[in-house]
Amino acid sequence: MAEAAARRRRTERPAAAAPALRGLKGEPGPDVARELDALLHHRLRLGMVSALAAAESLAFNDLKGLLQASDGNLSVHARKLEDAGYVTCTKTFENRRPRTDYRLTTRGRQALGRYLGHMEAVIRAARDTLGR
């Protein structure tokens, strides 16, 4: 069995490189997929910055409900965004209960704008290939 696996590994060919996305007139376009912000390209993080872009600030529980996330999952992803400088976190007390609020920073708003621009370019390039 190990011999068969070793034989397959020797005969396997390397995967072909993915074709470059084409621009609007068929010429090679920029490889916009590689330019995507990997930090924002996660469902929860993208959802969080999108929600914060539409509101001045949101409480942890509001985000948790909007994104249907668990406490632990949301806090881990919020911390990643905070470490990148995309969001700020403010902890206060309200009626002796802790309250955590998040706000999108200028840097986070700019990163979201770049991300959306890159996604639009990917979508345009993909749509162009459908017409062929």
Side-chain angles (χ1 to χ4, degrees):
M1 187 172 207
E3 292 176 31
R7 194 170 28 252
R8 276 194 308 272
R9 281 192 299 269
R10 281 191 300 253
T11 60
E12 287 176 356
R13 292 192 175 120
L21 293 174
R22 298 286 173 175
L24 294 176
K25 296 182 179 157
E27 65 272 1
D31 195 0
V32 291
R34 291 189 187 162
E35 295 174 15
L36 287 174
D37 186 333
L39 185 65
L40 292 181
H41 199 64
H42 185 278
R43 182 188 73 83
L44 268 178
R45 294 188 295 261
L46 181 58
M48 189 174 179
V49 296
S50 297
L52 289 170
E56 187 174 324
S57 70
L58 288 170
F60 181 87
N61 286 331
D62 295 334
L63 282 168
K64 186 173 106 171
L66 279 171
L67 301 172
Q68 299 178 350
S70 67
D71 287 1
N73 207 1
L74 183 61
S75 66
V76 165
H77 290 290
R79 176 62 56 100
K80 288 181 181 188
L81 291 170
E82 191 178 358
D83 289 346
Y86 289 0
V87 300
T88 59
C89 172
T90 306
K91 294 183 182 264
T92 58
F93 283 91
E94 188 174 281
N95 298 326
R96 295 181 175 234
R97 299 185 81 196
R99 179 182 169 100
T100 304
D101 288 301
Y102 293 97
R103 184 181 304 263
L104 190 62
T105 64
T106 301
R107 182 177 180 181
R109 194 170 298 278
Q110 291 168 346
L112 178 60
R114 279 190 309 275
Y115 178 85
L116 293 175
H118 290 147
M119 284 303 296
E120 287 169 346
V122 169
I123 291 166
R124 273 193 309 274
R127 281 206 174 130
D128 287 346
T129 63
L130 294 175
R132 293 182 191 171

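From a predicted model like this one, the values you see are computed outputs, not experimental measurements.
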If we only count heavy atoms from C-beta on, is the Leu40 to Arg114 side-chain gap below 4.5 Å?
->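 With C-beta onward as the side chain, the pair stays apart.
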Is there side-chain contact between Arg103 and Glu56, with heavy atoms separated by less than 4.5 Å?
->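 They are in side-chain contact.
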Mind listing the closest non-hydrogen atom pair of [X] and [Y] along with its distance?
X	Y	answer
Glu82	Cys89	OE2-CB, 3.5 Å
Tyr86	Leu104	O-CD1, 3.3 Å
Leu67	Arg43	O-NH1, 3.5 Å
Leu44	Ala69	CD2-CB, 3.7 Å
Asp37	Ala111	OD2-CB, 4.1 Å
Leu66	Ala51	CD1-CB, 4.2 Å

From CA spacing to verdict: side-chain contact (heavy atoms from CB on, under 4.5 Å), Arg45, Val49 | CA-CA 6 Å; Arg45 294 188 295 261; Val49 296; 5.9 Å; no
Look at Asp101 together with Arg99 and state whether they make a salt bridge at an N to O cut-off of under 4.0 Å.
->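 Salt bridge flag = yes for Arg99 with Asp101.
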Carboxylate-amine/guanidinium contact Lys64 Asp71, below 4.0 Å =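 Yes.
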More than 12 heavy atoms from other groups under 6.0 Å of NE2 on His41 =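 Result for NE2/His41: open.
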Is a side-chain donor-acceptor pair under 3.5 Å present for Asp62 with Tyr102?
->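 Tyr102 vs Asp62: no donor-acceptor pair found between side chains.
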Start with the C-alpha distance between Thr100 and Thr90, add both sets of side-chain angles, then the distance that settles side-chain contact (heavy atoms from CB on, under 4.5 Å), and finish with yes or no.
-> CA-CA 6 Å; Thr100 304; Thr90 306; over 6 Å; no
